[in-house]
2 protein chains.
Amino acid sequence: MEDSNTVLGKAMAILRAFGPADSVLPLAELVRRTGLAKGTAHRVAGDLVHHRLLDRTDHGYRLSGGLFELGLRASAERTLLELAMPFLQDLYERTHETVHLGVREGHEVVYLAKIGGHRQARAPSRTGGRMPTHCTAIGKVLLAHAGEEEQAAVLTGPLERRTPHTVIAPGLLRRQLMKAVETGVAYEREESTPGLLCVAAPVLRPDGQTAVAAISVMGPVGRFRPEPHANAVRAAAAALGSTLARRHR
Amino acid sequence: MEDSNTVLGKAMAILRAFGPADSVLPLAELVRRTGLAKGTAHRVAGDLVHHRLLDRTDHGYRLSGGLFELGLRASAERTLLELAMPFLQDLYERTHETVHLGVREGHEVVYLAKIGGHRQARAPSRTGGRMPTHCTAIGKVLLAHAGEEEQAAVLTGPLERRTPHTVIAPGLLRRQLMKAVETGVAYEREESTPGLLCVAAPVLRPDGQTAVAAISVMGPVGRFRPEPHANAVRAAAAALGSTLARRHR
DNA sequence: TGGTGGCGTTCCACTCAGCGGTACGCTCTT
DNA sequence: AAGAGCGTACCGCTGAGTGGAACGCCACCA
């Protein structure tokens, strides 16, 4: 069922036509990606510009700062982010490696924050970006604290092999998840991107079972070993967890 | 001219009905704020939920994570933010006070980043939030490097008196702006919020005149003095400026 | 130099998506 | 039990939205 016979559908189609990598798209490209009629795309895009969701440049259209602002009003992620920031800062300062804050959405991780210095490893993750759960430390640790069925859904589904090290055997992956629950941290060793290692710990709800989010520290093979940072990550996540709990009543 | 006889206009009205402070709004409240017919608001809000721009909760609607993600694809602010992060980190680490990155939009500042630790002063600024230019350090320094007419437009317009210390005399303000150009930094002393002091420096384009953004360090009256941090802020802003310049060819 | 293809823009008559008034059912409070 | 406030559902009218067609404008190439 196509939902692009409503104006809103068309507008969304245009906005979503912008991939994570695209900065500016010409009208013709939007037409190609959305399948809209040229006239229609022209008008809708014009309306979006009028409403400050798109910017018009010489070379085409671009997601605007208005959208940026609007997105940052999203309450759930925003309050989590604001409360988490000080803990992420501490963690960064202690490790001087790239620090992530992420939440799970289905079989993917959405990154709410990524902070790093000048020497940070070149990672594909970006604030607001997504990665599969099964090949990232944050993903694994969140999966480990997810409901039975949700976990099973991912384990039985097809698992993308992103690198030669990606764990795609359901049995091994499940064992890693169980170990993550036991130890309170999950690891990733070049499973999403060659040359990158990562430790993550869950930010648990007061029930101590389910996870709201997860925090990780990531670094490059060579100078970086994840194990020594396990405690720091665990501590940061736990501290954030109790801050959230305290606040929630 | 009301632009809410287009569907998109109505949708935007609903999205913009969410103020910076609102987390969840019931349908009735949306109706009140937007002036839409109840039936219409109900349907449009439903469509927005369907398109993942709103979340439905027991108590009403909420800006969704989908919007958060979409907003972070806005290319201009995103790349600026990513490039700036390491410099902001360094600055935070050196000062351990709240660090801001902001751009100017008309007579207001939009904050792209705010990083701080556990002891950060309670400030009204938020990532993605806005403040007037004339009573913030970032605002002043950006105004100082803006075009003549734009600067004049703000100076001649009415200036909100946010605190007893807010500078609303156009003459004094203009002198502060000139000094900011000379010295490369602008100060704010409890002009936007009682108890807060701030230093800001501009991130200049290669032309050395106009500013892309500005960086600031803020702290509370008492333990914090802005002057000693002027050099650090200036250095961070300059370093980011040359990084941008290098990248732009 | 003239042809060609891709692009953004404009126009316009048709039509169905969207409209909003009305009515209903639920849950609180009084 | 009556009322107020809320979310939801219905439905006939209509103009906002549609998309095909046509236009003018480069940039590229033969």
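Proteins come first, then strands; the chains are lettered A, B, ... in the order of their sequence lines, and each starts at number 1.
- Between B:His42 and D:dT8 there is a side-chain polar atom (N or O) within less than 4.0 angstrom of OP1 or OP2.
- For B:Leu27, counting side-chain heavy atoms from C-beta on, the closest listed nucleotide (D:dT18, D:dG7, C:dC19) is D:dG7.
- Closest contact between the side chain of A:Lys38 and the listed nucleotides C:dA17, D:dA22, D:dG7 involves D:dA22.
- Protein atom NE2 of A:His59 is 14 Å distant from nucleotide atom C1' of D:dC26, rounded to whole Å.
- Here C:dG18 is the nucleotide among C:dG18, D:dG7, D:dT18 with the atom lying nearest to any side-chain atom of B:Val7.
- For C:dG6, neither phosphate oxygen OP1 nor OP2 lies less than 4.0 angstrom from any side-chain nitrogen or oxygen of A:Arg32.
- Here C:dT10 presents its P atom at 13 Å from CZ of A:Arg43, a figure rounded to the nearest Å.
- The NE2 atom of B:His145 sits 10.0 Å away from the CG atom of B:Leu177 when rounded to the nearest 0.5 Å.
- The minimum heavy-atom distance linking B:Tyr111 with B:Arg126 is given by the pair CB-O, 3.5 Å.
- Side-chain N/O atoms of B:Thr210 and B:Arg205 include a donor and acceptor closer than 3.5 Å.
- Of the candidates D:dT8, C:dC7, C:dC19, the closest approach to any side-chain atom of B:Thr40 belongs to C:dC19.
- Taking the ring axis of B:Tyr61 as reference, the NZ or CZ atom of B:Arg56 stays within 45° of it and closer than 6.0 Å to the ring centre.
- Checking C:dG20, D:dT8, C:dC19 against every side-chain atom of B:Ala37, the shortest atom distance belongs to C:dG20.
- Straight-line distance from the CG atom of A:Asn5 to the P atom of C:dT15: 16 Å, rounded to whole Å.
- In this structure, NE2 of A:His50 is placed 17 Å from C1' of D:dG17, rounded to the nearest angstrom.
- A straight line from CD1 of A:Ile14 to C1' of D:dT18 spans 14 Å, rounded to a whole angstrom.
- Between the P atom of D:dG5 and the CD atom of B:Glu29 lies a distance of 14 Å, rounded to the nearest Å.
- Interatomic distance, A:Leu53 CG to A:Met12 CE, rounded to the nearest 0.5 Å: 9.5 Å.
- Nearest-nucleotide positions on DNA chain C for B:Asp47 and A:Ala28 put A:Ala28 closer to the 5' end.
- In this structure, B:Leu36 atom CG and D:dT8 atom P are separated by 16 Å, rounded to whole Å.
- One atom, NZ of A:Lys10, and another, C1' of C:dG18, lie 13 Å apart when rounded to the nearest Å.
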